[in-house]
Amino acid sequence: MLLEKILQSQGFGSRKQCQSLIKQGMVKIAGEVCDQPKMQIDPQNLQFQVGQQHALYREQVYIALNKPQGYECSHQAQYHFSVFELFPEYLRERGIQTVGRLDQDTTGLILLTDDGKFLQALTHPKKHVDKEYWLTTADPITSEQIQQLEQGVELRNEKGIFQATQLQQTSEHELCMTIHQGVYHQVKRMLAAVGNKVTELHRHRVGKFALPEELKHGEWIYLTPEQVELATVRTKD
Ligand code: URA
């Protein structure tokens with residue numbers, strides 16, 4: 001693959017901008033400056049440097065972010081920060097998108113990718129991937145509420161019923177629960193439907209992939225192919 005094309009594919013600018021970076025001697029491979037934009041290079045496992053930025057060639061990127069509060073999952077965030085501000089420009093340039101959305105006040109695991117097919121497959125309404133949430137409520141959680149959530153509740157303007165599984169009450173006001181669909185404000189609306197109110201919401205797991213403990217708010221990692229598999233495990237039709 002041409003060096004200029006490799007750089008462009010990794011988000012370092014237009015073809016012209018990449019040619020210019022290369023000609024200026026800004027690009028190094030194995031510590032050596034490569035100033036020939038048309039140089040043919042095998043991109044597989046290629047490690048390179050653009051200015052001070054060290055990079056590894058990735059055909060597609062799959063990312064897990066621990067979303068902080070006060071960040072919207074949209075490019076043109078209106079009232080808060082945008083989660084995309086948490087990423088370097090070369091990743092934004094690649095066109096990464098969030099896989100689904102979390103509310104601005106929800107924290108925790110959100111996946112991002114530039115793989116359109118993957119995104120479509122995972123956000124398809126029929127694709128039921130488990131999502132585990134940890135939530136805090138305004139009022140004490142009652143056993144009736146837990147039972148209702150398990151049996152399923154109706155949500156205004158949505159078809160069908162919405163059930164939670166693997167419910168575990170961890171304190172008077174705290175609950176872990178898993179849902180399988182992903183409609184707008186689903187967890188908050190489910191709790192409202194049983195007469196309570198979510199005051200804090202955190203997503204801990206998608207599919208079988210749990211947020212790594214060491215990942216602090218605002219931090220992100222590239223997923224390995226094995227982690228991508230785990231995050232897409234389908235549990236229910
Ligand atoms: N359910 C909600 O209500 N909000 C989220 O951010 C995610 C799930």
Side-chain angles (χ1 to χ4, degrees), residues 63-87 96-113 119 122-139 141 145-146 148-170 173-212 215-220 231-236:
I63 290 167
L65 166 71
N66 185 355
K67 183 186 145 332
Q69 264 196 353
Y71 282 78
E72 288 179 24
C73 292
S74 64
H75 285 277
Q76 262 89 44
Q78 282 200 309
Y79 304 108
H80 305 94
F81 297 110
S82 160
V83 289
F84 298 99
E85 292 170 38
L86 297 166
F87 294 94
I96 51 169
Q97 306 286 340
T98 58
V99 180
R101 287 180 174 221
L102 291 178
D103 299 334
Q104 66 80 17
D105 54 352
T106 302
T107 58
L109 179 59
I110 180 117
L111 306 179
L112 297 101
T113 184
L119 190 71
L122 265 195
T123 48
H124 192 276
K126 290 230 164 86
K127 176 91 190 170
H128 295 292
V129 174
D130 274 5
K131 288 163 280 276
E132 179 183 326
Y133 288 91
W134 296 351
L135 50 112
T136 308
T137 56
D139 298 316
I141 301 155
Q145 289 174 354
I146 292 193
Q148 280 177 290
L149 290 167
E150 270 171 346
Q151 279 164 2
V153 294
E154 288 186 353
L155 301 178
R156 188 197 271 263
N157 298 331
E158 308 287 355
K159 287 197 187 111
I161 61 158
F162 295 83
Q163 280 175 304
T165 55
Q166 300 167 57
L167 284 107
Q168 211 184 341
Q169 188 167 359
T170 49
H173 288 261
E174 288 175 312
L175 184 69
C176 301
M177 66 181 230
T178 297
I179 60 169
H180 312 283
Q181 306 101 320
V183 301
Y184 184 62
H185 288 334
Q186 183 171 333
V187 175
K188 291 176 185 164
R189 288 163 73 196
M190 285 175 75
L191 267 290
V194 301
N196 209 324
K197 182 174 167 25
V198 172
T199 55
E200 280 177 47
L201 188 57
H202 175 83
R203 184 153 75 184
H204 175 64
R205 181 174 52 86
V206 172
K208 286 189 189 271
F209 178 73
L211 191 65
L215 210 58
K216 300 198 183 72
H217 286 158
E219 291 185 347
W220 57 272
T232 54
V233 171
R234 203 179 140 142
T235 44
K236 199 170 169 260

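This one's a predicted model, so the numbers in the text were calculated from it and none came from an experiment. Just so you know, ligand 1 is whichever comes first in the structure, and atom 1 is the first atom listed for that ligand.
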Option passing side-chain hydrogen bond (donor to acceptor under 3.5 Å, both in side chains) with T107 (candidates Q69, H202, K67): H202

Considering non-hydrogen atoms of the protein only, which is the closest contact for atom 1 (N) of ligand 1, and what is the distance? V187 N, 3.1 Å

For Q186, atoms of ligand 1 separated by under 4.0 Å from a heavy atom: 1 (N), 2 (C), 3 (O)

Among protein heavy atoms, which sits nearest to atom 4 (N) of ligand 1, and what does the distance come to when rounded to 0.1 Å? D103 OD2, 2.7 Å

Identify, for atom 7 (C) of ligand 1, the protein heavy atom at the shortest distance, and state residue, atom and that distance. Y133 OH, 3.4 Å

Numbering as shown, the atoms of ligand 1 that approach T106 to under 4.0 Å (heavy-atom distance): 4 (N), 5 (C), 6 (O)

In terms of ring plane angle, is the pair F84 and H75 parallel, tilted or perpendicular, where the classes change at 30° and 60°? parallel

Test item: Y79 and Q104 side chains (from C-beta on) under 4.5 Å apart, heavy atoms: no

Below 3.5 Å, N or O to N or O, backbone or side chain included: is there any such pair between R189 and ligand 1? no

Between ligand 1 and L102, is the shortest N or O to N or O distance under 3.5 Å? no

Main chain of L109, side chain of R203: is a donor-acceptor contact present, judged purely on distance under 3.5 Å? yes

Without swapping roles, check the side chain of T199 against the backbone of T136 for a donor-acceptor pair under 3.5 Å. yes

Where's the contact between L201 and ligand 1, heavy-atom distance under 4.0 Å: side chain, backbone, both or neither? side chain

State whether the side chain of Q169 and the backbone N or O of L175 hold a donor-acceptor pair below 3.5 Å, judged by distance alone. no

Pull out every atom of ligand 1 sitting under 4.0 Å from any heavy atom of H185, numbered as shown with elements. 1 (N), 2 (C), 3 (O)

Donor-acceptor contact below 3.5 Å, side chain T123 vs main chain G100: no

